[in-house]
Every structure is written in structure tokens, then in C-alpha cells.
Protein chains: 2
Amino acid sequence: MLVKRTYTQEELTALLQRHGINPTAQRLEIARLLFARAEHVSAEDVFMLVNTAATPVSKATVYNTLGLFAERGLIREVIADPNKVFYDPNTAPHYHFYDVATGQLTDIDAEGVQITGLPSLPEGARMEGVDVIVRLRQSDRPTH
Amino acid sequence: MLVKRTYTQEELTALLQRHGINPTAQRLEIARLLFARAEHVSAEDVFMLVNTAATPVSKATVYNTLGLFAERGLIREVIADPNKVFYDPNTAPHYHFYDVATGQLTDIDAEGVQITGLPSLPEGARMEGVDVIVRLRQSDRPTH
DNA sequence: AAACCATCTATAATCATTCTAAATCGACAC
DNA sequence: GTGTCGATTTAGAATGATTATAGATGGTTT
């Protein structure tokens with residue numbers, strides 16, 4: 001599934017540059033964290049993770065950086081939880097299970113999944129992506 | 001597509017009761033608004049709409065009522081905009097276009113759309129629904 | 001009319017996110 | 001090396017959607 005990898009500083013630098021991002025210390029640090037754990041993380045998660053490490057990074061920078069990474073296609077925003085945005089270092093096409101009760105997000109490999117019959121886009125629109133979220137609930141813990 | 005209808009008070013009452021909801025004045029008023037306009041509305045939208053009408057309804061009641069309606073399947077929550085939740089009075093299976101720039105939500109009729117090859121659900125999980133959101137951007141208004 | 005229970009209300013609190021204005025940094029000119 | 005410039009980062013305030021709280025209201029039953 002997701003490949004957990006450690007990148008060298010040089011690889012990370014190249015990765016950012018390839019996406020048109022100036023590789024500052026903070027951005028490298030955040031990128032390192034994101035790709036090392038290869039999970040769905042919130043901005044708050046990143047903020048806490050980055051501040052257990054050597055270099056402290058401010059909350060504003062965490063938000064700016066995640067926004068920048070997402071805008072440049074280095075990571076992907078996942079809007080599934082009404083409370084917060086998740087960021088996904090996996091940019092390969094894939095979908096998500098979302099546990100409504102716990103907020104847990106899990107990948108669904110896009111391989112094998114087919115979506116057909118979508119109508120043509122409105123005039124002048126470009127598709128940014130298709131999000132598929134399968135909402136789940138553990139049936140042994142009933143709603144009410 | 002969406003059927004815009006005016007329900008009689010009796011029909012609305014029956015509708016709520018059929019979903020196990022005690023039909024109070026405020027709930028009927030909110031239901032009336034929702035089904036009269038048959039659009040995607042936020043809680044804030046509902047709050048403003050309901051307070052142009054005769055009966056004022058508090059914000060807390062708007063949130064409680066929308067939550068209750070969604071829980072009982074009278075309307076559907078749409079998580080597409082990171083800033084707010086939309087509520088959709090159309091509970092027939094369908095999907096959404098989401099304009100990333102404007103926040104505009106548009107229906108995609110499920111008829112004709114096929115999603116195949118989804119993996120089996122995790123152990124003990126029950127599917128609550130599948131959300132498909134096609135993110136769009138107007139190509140004549142570039143990103144940056 | 002007292003008790004009861006659900007609902008509704010105003011308002012405060014929460015919490016993710018964005019904004020602001022000042023500090024810092026790195027590169028480059030002098 | 002010092003000054004300047006633009007980009008970045010920072011702390012902290014502000015915003016805004018949503019939720020929590022605790023009291024008021026209303027209908028129903030006895």
C-alpha cells in the first residue's frame with residue numbers, strides 16, 4: 001500500500017524544487033515528516049509532530065506550508081471530516097474509507113475501482129480531481 | 001432534477017413523523033424552507049432564511065434541527081467545502097460537482113453513474129453512503 | 001395547578017483556520 | 001563586512017463555524 005520511506009535531505013530538496021517550492025528548513029522538515037509517516041494527518045498533527053523534533057515551527061508556518069504543498073500537488077487535501085482537513089502524502093489516485101464515528105481515514109486503492117457515466121463538466125470548467133469517500137460505521141456500536 | 005415543491009403543513013408533519021421526528025413549529029418551519037428551495041444550504045443560510053420569516057428561530061435550534069434531520073435521513077450532509085457543512089434536501093442517490101473557487105455545489109444525477117470494484121468493507125463495518133465529489137475550477141480564472 | 005419532559009433560547013466556549021504586523025533570513029550589491 | 005531587498009517565519013490576535021450550557025418555555029398528564 002503506502003510506501004513508508006526515509007528520504008535524504010537531497011531527495012527532499014529536489015522534490016520540493018521539482019514542485020516549484022523554495023526548500024527552506026521548515027518546509028524540508030515538514031516534508032520529511034509527511035513522507036516518513038505516509039498517513040493522513042491534520043495540520044494539528046503536523047504541528048505537534050514537528051515540535052517534538054529539533055526545530056520548532058510555528059503554527060502559521062505549518063498551515064502555510066501544508067497549503068502550499070497541496071496547491072503545488074506535493075500532497076493532497078482530503079475533505080471528509082467536517083471538523084478538519086486531512087493531508088495525504090499519497091498523491092497516486094485513490095479513494096477513502098471514512099469511519100464516521102472515529103474520524104479514521106483509510107485508503108482505497110484506485111486500482112480496480114471504476115467510475116463511469118459521469119456527465120460532462122460545466123462549460124469552461126477543468127477537473128481538479130474526483131474524491132470518493134465511503135462513509136462507514138462500526139455496526140456493533142449503534143447510532144443511538 | 002430536483003423537484004421544487006411546496007408542501008402543505010399536513011404533508012410536512014407527516015414527513016417528519018415518518019422519520020420519527022416530533023413536528024414542532026420550528027422544525028416544520030425549517031423543513032418547509034429546506035424543501036421549498038431544494039438547494040444546498042449551510043446552517044447559516046437556514047438561519048438567515050428562517051429569520052426573514054414570521055417565526056424567529058435561534059441559531060442553536062437551527063444546528064440541532066439540521067443535525068437531527070440528517071441523523072434521521074430526512075436530509076443529507078455534504079462535506080465538500082472545508083469551511084462549512086452543506087445540507088441537501090435531496091436524499092436520492094446522487095453526487096456533486098464542487099467549484100473550488102466559488103464553493104458552489106451542483107448535483108450530479110446518480111443515474112448512469114457506476115462505481116465498480118470497491119473493496120469489501122472492513123470487518124464489522126456498515127456502509128453509510130458513498131460520496132463522490134468532482135472538484136472543478138473555472139479554467140478561465142487561473143490559480144495564480 | 002403542580003410536575004414532567006422535550007424543546008428552545010441566548011450566550012459563552014471551543015477549536016480549526018486565517019490574518020496581521022513585526023522579526024528574521026539569505027542572497028546579493030557595494 | 002554592511003546595507004538592502006524580497007521571501008519567509010513568527011507570535012499572537014481575529015474570525016467564523018459549530019457545540020456546550022443552563023435557564024426559560026410549552027404542552028401534557030395527573
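Sequence lines set the chain letters: A, B, ... in the order given, protein chains first and strands last, and positions in each chain run from 1.
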Practice item. Run the numbers on H96(B) and D131(B) for side chain to side chain donor-acceptor pair (under 3.5 Å), then give the verdict. Key: CA-CA 8 Å; H96(B) 294 101; D131(B) 293 359; over 6 Å; no

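- Qualifying side-chain hydrogen bond (donor to acceptor under 3.5 Å, both in side chains) partners for S58(A), counting only residues two or more places apart in sequence or in other chains: T61(A).
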May I have the list of side-chain donor-acceptor pairs in residues 17-25 of chain B shorter than 3.5 Å, sequence neighbours left out?
| from | atom 1 | to | atom 2 | distance (Å) |
| --- | --- | --- | --- | --- |
| H19(B) | ND1 | R72(B) | O | 3.0 |
| T24(B) | OG1 | R27(B) | N | 3.3 |

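- Among pairs with a residue in residues 49-58 of chain B, none fulfils salt bridge (charged side-chain N to carboxylate O under 4.0 Å, His left out), at least two apart in sequence or across chains.
- Pairs engaging residues 48-63 of chain B under the salt bridge (charged side-chain N to carboxylate O under 4.0 Å, His left out) rule: E44(B)-K59(B) [sequence neighbours left out].
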Exercise for review: Using a 4.0 Å heavy-atom cut-off, write out nucleotides 15-30 of chain D from 5' to 3' as B (base contacted by protein), S (sugar-phosphate only) or - (no contact).
Suggested key: --SBBB----------

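- In the hydrophobic clustering (ILVMFWY side chains linked at under 4.5 Å, chained through shared members), Y63(A) stands by itself.
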Without placing hydrogens or testing angles, list every side-chain donor-acceptor pair under 3.5 Å for residues 75-82 of chain B, not counting sequence neighbours.
| from | atom 1 | to | atom 2 | distance (Å) |
| --- | --- | --- | --- | --- |
| R76(B) | NH1 | H94(B) | O | 3.3 |
| R76(B) | NH2 | H94(B) | O | 3.1 |
| D81(B) | OD1 | N83(B) | N | 2.7 |
| D81(B) | OD1 | N83(B) | ND2 | 3.1 |
| D81(B) | OD2 | Y98(B) | OH | 3.1 |

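- Screening residues 49-58 of chain B for salt bridge (charged side-chain N to carboxylate O under 4.0 Å, His left out) gives no qualifying pairs among residues at least two apart or on separate chains.
- Hydrophobic clustering, defined by side-chain heavy atoms of Ile, Leu, Val, Met, Phe, Trp and Tyr closer than 4.5 Å, leaves M48(B) isolated from every other such residue.
- Reading DNA chain C from its 5' end, the first and the last nucleotide to sit under 4.0 Å from a heavy atom of chain A are dA16(C) to dC19(C).
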Under 3.5 Å, which protein N or O atoms sit close to an N or O of nucleotides 7-9 of chain D? Give each pair with its distance.
| from | atom 1 | to | atom 2 | distance (Å) |
| --- | --- | --- | --- | --- |
| dT8(D) | OP1 | R27(A) | NH1 | 3.1 |
| dT9(D) | OP1 | T24(A) | OG1 | 2.4 |
| dT9(D) | OP1 | Q26(A) | OE1 | 3.1 |
| dT9(D) | O3' | Q26(A) | NE2 | 2.9 |

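- Applying the salt bridge (charged side-chain N to carboxylate O under 4.0 Å, His left out) rule to pairs touching residues 93-106 of chain B yields nothing, sequence neighbours excluded.
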